[in-house]
Amino acid sequence: MEIKKKDIRALTKEQLRDFFENQGDKAFRGNQVYEWLWQKSAHTFEDMTNVSKETRQMLKANFVINHIKVDTMQRSSDGTVKNAVRLHDGLIVESVLIPTKTRTTACVSSQVGCSLDCKFCATARLKRMRNLNPDEIYDQVVAIDNESRLYHNRPLSNIVFMGMGEPLMNYNNVIKAIDKITSSEGLGMSPKRIVVSTSGVPKMIKKMADDDVKFKLAVSLHSAIDEVRTSIMPFNATFPLNDLREALQYWYAKTKNRITYEYVVWDGINDNRKDVDALVEFCKFAPSKVNLIEYNPIDDGEFQQANSKAIDLYVKILEHNNITVTVRRSRGKDIDAACGQLANKS
Ligand code: SF4
């Protein structure tokens, strides 16, 4: 019977050093291999050219490197790139490179499918199959960094966890991936350039505050009225707005970081004055920023972007109440890479 080999990237640096010591080798060999695995993103043991052939063979006999593979890559007319990424077990997730004049942002996935059921989201139609491992999240970022250098002549500048899945439902692996992304032994990116976007899991928002994380938080709010929010994000019935607000108050008290809300205005759903007033009221407890995001209809067209009059009303009233507001045009629409469109269709 063939023994299933362990993914070497599941080992910490210390465990790798111990492994070499137990093999009668020098512990520093673990550092060398660790550097190949993370900083240099080696895909195979053969790539590790400063490691002896015998050691590489010994590693190959004991471990595998479960590297992701970019199965298909699509480029939009606006420069957006969408990767369909194949995982070691054949499952597929998507990640997106979003270029603007001043930055290139990676939008990465944290789960295969999603266990939540937001009515407007294409990913919600895929069953949640499993959480991504830290290395699978890290590899998506590396692949997009390479594409950013290739197509835009600059390294990746920002990361948003806004792809497939609810990142706070895969908290431990997301944190481990961010640790690697920000570590000097990984990509060395500043945590301030990373945004974890959640649909709002109160318990996990409090945990993030307790863990003293350094990255930024964004909340997909879309309505500050329980009834409306539950109709478009049914899990709101379990985690109602009061619980969410209380968790965000806790977050703000601990971190003093401004809270960003992602918000889509839909025709006939949340485009009335009462919706705007509720949002203003909800934002009051802490410095807030609202990103009004353009919506990209998914197949059945049940949700349609509200007209510009409704958007203007939101902007006017939010500004009047000293709440920072931006209107975000969506990108990569022609390749289904825009917000809420990731559904493994490529
Ligand atoms: S919007 Fe996010 S949390 Fe909601 S179903 Fe889609 S991927 Fe999941």
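In this text the structure is predicted, and so the values were computed from the model without any measurement. Just follow the structure's listing: the first ligand is 1, and inside any ligand the first atom is 1. Residue indices begin at 1 and follow the sequence shown.
- Ring to ring, Phe19 and Phe63 are close: their centroids are under 6.0 angstrom apart.
- Protein heavy atom in closest approach to atom 4 (Fe) of ligand 1: Cys118 SG, 2.3 Å.
- In this structure, atom 6 (Fe) of ligand 1 lies nearest to the protein heavy atom Cys121 SG, 2.3 Å.
- Taking the six-membered ring for Trp and the full ring otherwise, Tyr263 and Tyr314 have centroids separated by under 6.0 Å.
- Using a 4.0 Å cut-off to heavy atoms of Leu116, the atoms of ligand 1 that qualify are 3 (S), 5 (S).
- Salt bridge status for Lys206 with Asp210: absent, with no side-chain N to carboxylate O gap under 4.0 Å.
- Tyr261 has its side chain within reach of Phe282: a pair of non-hydrogen atoms, C-beta onward, lies under 4.5 Å apart.
- Counting heavy atoms only, Gly165 comes closest to atom 7 (S) of ligand 1 of the residues Ser220, Gly200, Ser197, Gly165.
- In terms of protein heavy atoms, atom 8 (Fe) of ligand 1 is closest to Cys114 SG, 2.3 Å.
- Atom NZ of Lys40 has more than 12 heavy atoms from other residues, nucleotides or ligands within 6.0 Å.
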